[in-house]
Amino acid sequence: MEKLQEQGSPKRKLGLFDAIMLVMGSMIGSGIFIVSADIMRNLGSGYWLIVVWLITGVMTVAAAISYGELSSMFPKAGGQYTYLKEIFGKMMGFLYGWGLFTVIQTGTIAAVAVAFGKFTAYLIPALNDAAPIFQSGGYKITWIQILAIFVILLLTYINTKGVESGKILQNIFTGSKIVALIGLILLGFLLVKNNFWADNMQFKWSAFNNLKTDVSGNFLKSGWESISGMAIMGGIAAAMVGSVFSSVAWENVTFVSGEIENPKKNVVRSMVLGTSAVMVLYLLVNFIYLNTLNRDSIAFAVNDRVAVGASEQIFGSGIGTIVMAILVMISTFGCVNGIVLAGARVFQTMAQDGMFFKAALQNNKNGVPEKSLWMQGIWASVLCLSGQYGNLLDMISFVIVLFYMITVFGVIYLRIKKPSLERPYKTWLYPLTPIIYLLIGAAFCILLLIYKQQYTWPGLIIVLIGVPVYFFINRKQA
């Protein structure tokens, strides 16, 4: 890969600021504007809503700190794929890369691009009102999906023009959404007329779940039932599916290590600073939800769009909807760009190892893996048309955390097996930091396996399908 770097891109074009913008831009998509509704439905209390986001924040930053040690040891393009391959062998690296291409990276691109389309429909109602382009039974292709595909292909094309193009776009859109989120947070405390903070916090540590539904499967606002003991633990795990998925993709910066200045130091700095800043923003945004909306308005927000409800309370119904639609459009557009920019570098690195299509190997005249970018973009577009990306992503949070855990465990494993390896950066508070992540991650995965199996097995099966594919590829090579 270093050889490719030299041939196609003679100088590293991403500085520390660019790397931080990539981390933050890849993390902040549509999730923070939506998933708090599901968290509130699972637990029913402002206290527990905050606890879920705090646990997710501790997890995310602990993982980023732990990854820093690996990024300093293996400062090459490919990031997490490279770490897993170097520590646990080619098969583990391949299974991660397989999951990344089939659904983790491409499914995220598809889901966030469709979110862009859905919020665009607030500004252009004709997108929602138009008849489907194609419909057969429950399957349909809508103009929102077509808009999502257009965004994916446009951003893929822009990124084929060089790292500089993608970087400029990323910095502009990430900067815009950070400023807009800070503005929303400030105005949410200053302008709101009806304050619901005390009402939302009155339930204290009582949790409510087991919501009743009507004949159509819609939740009933009067259906709250108190839960306790292990049921609360199961509720927390189910609630964290959304918060965890809203907090992933920060590791995308490791995928482009080969194009970052001084990667041994700047990759870890960008991950720790970026994840910490985003988790603080996420927590403050949830304070706004608790301040502007009552429990039922959060839990039963129309289409789970809690942020729209909060914005309407701050700015008024008409303006609030437009303001939030524009903010989410900026956020999702920048998020798709960051994930598109980073993901193709992993598939290029896999191709170098004979684990992906050979066409993905070469850089174009602009020093970027153009064919790898288009493969990623086309498959993400197919997932947009499939209509299944939403279900896949619910199921994949379990697998993402599983791969995070394996990678974080790799820090401890290498310390024991190869203590003499050069480590330009060492994990802060080792071994406490990786152990904290492993304990929280293990609890999350075990509770999901017990209480919410629909979130676990489908994602695992997708990854395990990669096992025969791996042996087929290696047999072909032999």
Side-chain angles (χ1 to χ4, degrees), residues 16 19-20 22-24 26-27 51 53-89 92-93 95-96 240 243-244 247-258 260-280 282-283 346 397-447:
L16 176 60
I20 292 172
L22 180 58
V23 170
M24 297 183 72
S26 299
M27 287 178 75
V51 165
W53 283 104
L54 281 173
I55 293 172
T56 306
V58 170
M59 271 183 82
T60 305
V61 177
I65 291 170
S66 302
Y67 271 51
E69 182 165 318
L70 299 177
S71 73
S72 72
M73 294 170 72
F74 309 111
K76 302 175 184 176
Q80 190 171 352
Y81 161 78
T82 300
Y83 310 157
L84 290 168
K85 184 193 72 174
E86 294 287 345
I87 300 167
F88 300 112
M92 183 63 77
L95 289 179
Y96 172 72
M240 281 180 64
S243 64
V244 165
S247 309
V248 298
W250 49 267
E251 76 282 5
N252 273 235
V253 74
T254 69
F255 301 165
V256 292
S257 297
I260 294 175
E261 296 169 2
N262 192 7
K264 290 185 179 182
K265 291 184 178 179
N266 284 342
V267 174
V268 62
R269 287 171 180 166
S270 66
M271 287 192 292
V272 175
L273 292 172
T275 54
S276 301
V278 169
M279 296 319 299
V280 169
Y282 279 3
L283 202 57
V346 179
S397 290
F398 173 82
V399 172
I400 292 172
V401 171
L402 213 53
F403 276 120
Y404 279 165
M405 287 174 65
I406 294 167
T407 310
V408 169
F409 174 71
V411 176
I412 299 172
Y413 181 83
L414 281 182
R415 286 282 188 111
I416 296 168
K417 289 286 184 181
K418 298 182 179 178
S420 59
L421 282 178
E422 183 192 355
R423 291 171 172 82
Y425 164 83
K426 291 188 176 181
T427 300
W428 184 59
L429 293 180
Y430 177 88
L432 186 61
T433 305
I435 287 172
I436 285 173
Y437 184 84
L438 292 172
L439 289 174
I440 298 174
F444 171 74
C445 290
I446 291 166
L447 288 166

Chemist: Roughly how far apart are T82 OG1 and F74 CZ, rounded to 0.5 Å?
Modeler: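 These two atoms lie 9.0 Å from each other.
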Chemist: Mind checking the CG-OG1 spacing from L438 to T433? Nearest 0.5 Å is all I need.
Modeler: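 L438 atom CG to T433 atom OG1 measures 11.0 Å (nearest 0.5 Å).
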Chemist: Under a 4.5 Å cut-off applied to non-hydrogen side-chain atoms, are L70 and L414 in contact?
Modeler: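 L70 reaches L414 side chain to side chain.
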Chemist: Which atom pair, heavy atoms only, marks the closest approach of V411 to S66?
Modeler: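 Nearest heavy atoms, V411 then S66: CG2-O, 3.4 Å.
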Chemist: Measure the OH-OH distance between Y67 and Y437 for me, rounded to the nearest 0.5 Å.
Modeler: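 One finds 7.0 Å between OH of Y67 and OH of Y437.
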Chemist: What is the minimum heavy-atom distance between L421 and R423, and which atoms define it?
Modeler: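 Smallest heavy-atom distance, with atoms named: O-NH1, 3.0 Å.
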Chemist: Using the side chain to side chain contact (heavy atoms under 4.5 Å, CB included) rule, take M59 and V401 through it: C-alpha gap first, then chi angles, then the decisive distance, then the call.
Modeler: CA-CA 10 Å; M59 271 183 82; V401 171; 4.2 Å; yes
Chemist: Heavy atoms only: give me the nearest T275-V23 pair and the separation to one decimal.
Modeler: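 For T275 and V23, the tightest heavy-atom pair comes out as N-CG1, 3.9 Å.
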Chemist: What closest approach, in Å, do A19 and I260 show between heavy atoms, and which atom pair accounts for it?
Modeler: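 For A19 versus I260, the nearest heavy atoms are CB-CD1, 4.2 Å.
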Chemist: How about F409 and P434: do any of their side-chain heavy atoms sit closer than 4.5 Å?
Modeler: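 SC-SC contact between F409 and P434 ruled out.
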Chemist: If you look at every heavy atom in S397 and F444, which pair is closest and at what distance?
Modeler: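 Result for this residue pair: O-CE2, 4.3 Å.
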Chemist: Could you label the plane-to-plane angle of the W53 and Y282 rings as parallel, tilted or perpendicular, counting under 30° as parallel and over 60° as perpendicular?
Modeler: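 Aromatic pair W53/Y282 classed perpendicular.
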Chemist: Does any non-hydrogen side-chain atom of C445 lie less than 4.5 Å from one of L402?
Modeler: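 Yes, at least one pair of side-chain atoms sits under 4.5 Å.
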Chemist: Rounded at 0.5 Å granularity, tell me how far OH in Y404 sits from OG1 in T60.
Modeler: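 OG1 of T60 is found 7.5 Å from OH of Y404.
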Chemist: What pair of heavy atoms forms the shortest contact from M271 to S71, and how long is it?
Modeler: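 Heavy atoms of M271 and S71 come nearest at CE-OG, 4.0 Å.
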Chemist: Should V244 and F398 count as side-chain neighbours, where that means a heavy-atom distance under 4.5 Å?
Modeler: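 V244 vs F398: side chains apart.
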Chemist: Which distance, rounded to the nearest 0.5 Å, do you find between the CD of Q80 and the OG1 of T254?
Modeler: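 Q80 CD to T254 OG1: 6.5 Å, rounded to 0.5 Å.
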Chemist: Show me the pairs that pass side-chain hydrogen bond (donor to acceptor under 3.5 Å, both in side chains) and involve residues 264-273, at least two apart or across chains.
Modeler: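 The answer is N266-R269.
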Chemist: Enter the distance from E86:CD to K76:NZ here, rounded to the nearest 0.5 Å.
Modeler: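 Reported to 0.5 Å precision, the distance equals 5.5 Å.
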